[in-house]
Amino acid sequence: MKFRVERDALADAVAWTAKSLPNRPSVPVLAGVLLRVADGRLEVSGFDYEVSSQVSVEVQADADGAALVSGRLLAEITKALPAKPVDIAAVGAHLELVCGSARFTLPTMPVEDYPTLPEMPASAGSVDAAVFATAVQQVAIAAGRDETLPMMTGVRIELNGSTLAMLATDRYRLAMREIEWRPDDPNISLNALVPARTLADTAKTLGPLGGEVTLALAAGGAGEGMIGFAGGTRRTTSRLLDGANYPPVRSLFPDAHNAQARIQVAALVEVVRRVALVAERATPVRLSFSDEGLVVEAGGTEEARASEAMEATFTGEPLTIAFNPQYLLDGLQHLNTSTAVLSFVDAFKPAVLSPAGEDGEIIAGYRYLIMPIRVTR
Amino acid sequence: MPRGGSEGFGPDADDSGSCILHVDMDAFFASVEVRRRPELRGRPVVVGGVGPRGVVSSASYEARRYGVRSAMPTARARALCRHAVFLPPDFARYSAASRAVMQIFREVTPLIEPLSLDEAFLDVAGARRLLGRPAEIAAAIRARVAAEQGITCSVGVAPTKFVAKLGSTRAKPDGLIVVPAGRVLEFLHPLPVAALWGVGERAAEVLARLGLRTVGDVAHAPPAMIRSALGEAAAAHLVELARGRDPRRVTPEQVEKSIGAETTFDTDIADPDALRRTLLALSDKVGVRLRRAGQVGRTVSIKVRLTDFRTLTRSRTLATATDVAREIFDTAWDLFRILSPGQRVRLLGVRMENLSDERSTFRQPTLGAPERGWREAEAAADAAAARFGRSVVRPASLLGDPPGPARRHGKEKPTGASVVPLSDPRTPS
């Protein structure tokens, strides 16, 4: 194997594949990235038996072939290289890398020990990359991080006709986003539970590339239990989580509300952040709404206290409701609008956070549900 | 025969810098029994569980001469000393005696840290003006305990807690040892490493392999060598102790750091259903104790002792603190299933750690949690139990006989209000 490649293209490709490599690989070869040259292209692949990532880069190939080297080391090296063409060649049990006057020799691992990457399932349809990336970030924030509840660490993707819905909850808040997409089969009806972290990482890389993202999901047969994403020259597959018993979380959204508040997102984020400085871990911020606006408070009678008043348009009976400040901030920061609408049933039932336009009208498509903390004692 | 005078660590040694006393009752339970039945004086007396799984709680010095030790299975004690008098423990009586002894301490100083029923640390720095030198105070305590309670105790007087404790051990029985501040190392260094607090069998073995057998060896060894053998934290702790340094102070009120319950089975249990019910019963007990103490905990830990006496512990920290038995059980059972020991179980324990005051701890309910859930149900059970006793209200699957072989499958179902999926995603299996 021998080729010449642009420094930036190589560095990007290696950094992206190396990021998905396991920290403590079960077998040493999984710490490697596989470089394979054929037909004038270099394919860089990483795999940890859960997630595979592959990116293809145009190169000037002198000799086809493959080599397996430590992903982390190669990523660090390529990041530090000067902006010059990079020459790479497999020489015996080593990889030689020359860039300008810098020269590196890396040991390689046996390519034949490297597992075969899973095949991409069949395409199910495509979606605008930027829209998809935004939607994923809006939803993944609500997914759980507690590995003992694996189902909660996933984002549920529901494909129904031309609607792509994503849902995630850690049991304390729930985010739901619906977007349009282009299914290959207009009557498609499929669900998948994708590990939230993988999905978020994938969306973050594919979004800025623009264009379309192809969703690959098998309804059965080959590639079952697997989802694939392809955009530009990158593709990723991930094993799905078992979502057969995913609870019917849509029913948690209340049917109606008794009170509603319209607030400037940036101002509320600032106020909550400030007031929450006195809220120790796991203690809530209290929001008191009335005709006069909103007062945000935190702290108790014995500890430090803080309060701040701000403008809000409120309809309904005056209400005091308390939230984990981080949950509230997470939702507010992912609305992507300057105005937010908070809808309440009462101080004990989940509240819905929705994005709104300049006119204060709710923009459909995204909803973020938060369970309040009880403070009446 | 008063002892302790040997090696120059007697009552007349310089005690000006030694203000910590460790008072340890001699063969406490056995001594209380002998006091009640004077005809037993001079005979080997063993107090302990008399069942097939009983262990020795306390043995008189006459019994110890035959090799009987506390924590040894009663059956083994019987084999060693057939003619000993074996008595079941009478904790109410020991508690009363303990309270009386602690009251004597309290008249000396308010700085008392009881470690158990029969031992305590005292800081007498502030009592010297009124009551005399630490060694005189120690002698006075010994005399009063003997006169008023008819039992003996041993006292270690030293500048630090751990040396005082070693002192009382060395003084036993019925003795007094004073370790002057300037002679701590002289006292400490000839002792075997196992004397150091925190050095168990394993650590002692590791140190022995390095040729370190005495405390002095550890004190003089390069710290890096101990670090590489035992790890950063353990090594630092050990080297400090070996050099006679122990900054721990006598802390009178011990805030409870954990609340737990455990049970030893009469016969080892393999049946998962029986084990599950035992965990439920233990979780219930822990929940009741937490609520009674006004505490909530964030970390659930289980302890499992197997047939081969291996003891395994597992713990998990929850997202929010709880005092709800049901939530404690869910986690405890999950931990147990993951552990799946694949062996018969001899002992099971459930413990809550990471405690905080319930009133200052907020509970983040799950989405869709019923307004009246397990917490309210258990609070109602507490109220009923307060009036009618614990046996009136228990989880349904615990009705009937307590832990033991399962009779039938008891799968408790949440009561009342329809339970929304997110509030209980794990279904018992």
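Only a predicted model underlies this, so the values are computations on that prediction, with no experimental measurement involved. Residue numbering restarts at 1 for every chain, and letters A, B, ... go by the order of the sequence lines.
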Assess whether side-chain contact (heavy atoms from CB on, under 4.5 Å) is satisfied between Gln364(B) and Phe323(A), documenting all intermediate values.
CA-CA 8 Å; Gln364(B) 167 74 64; Phe323(A) 298 111; over 6 Å; no
How about [X]: does its [atom1] atom have over 12 heavy atoms from other parts shown lying under 6.0 Å from it?
X	atom1	result
Arg262(A)	CZ	yes
Arg274(A)	CZ	yes
Gln333(A)	CD	yes

Minimum-distance pair of heavy atoms, taken over all atoms of Pro365(B) and Ile373(A):
CD-CA, 4.1 Å
What's the shortest heavy-atom distance between Leu367(B) and Ile370(A), and which atoms?
CD2-C, 4.1 Å
Approximate separation, where rounding is to 0.5 Å, of Thr366(B) OG1 and Met371(A) CE:
6.5 Å
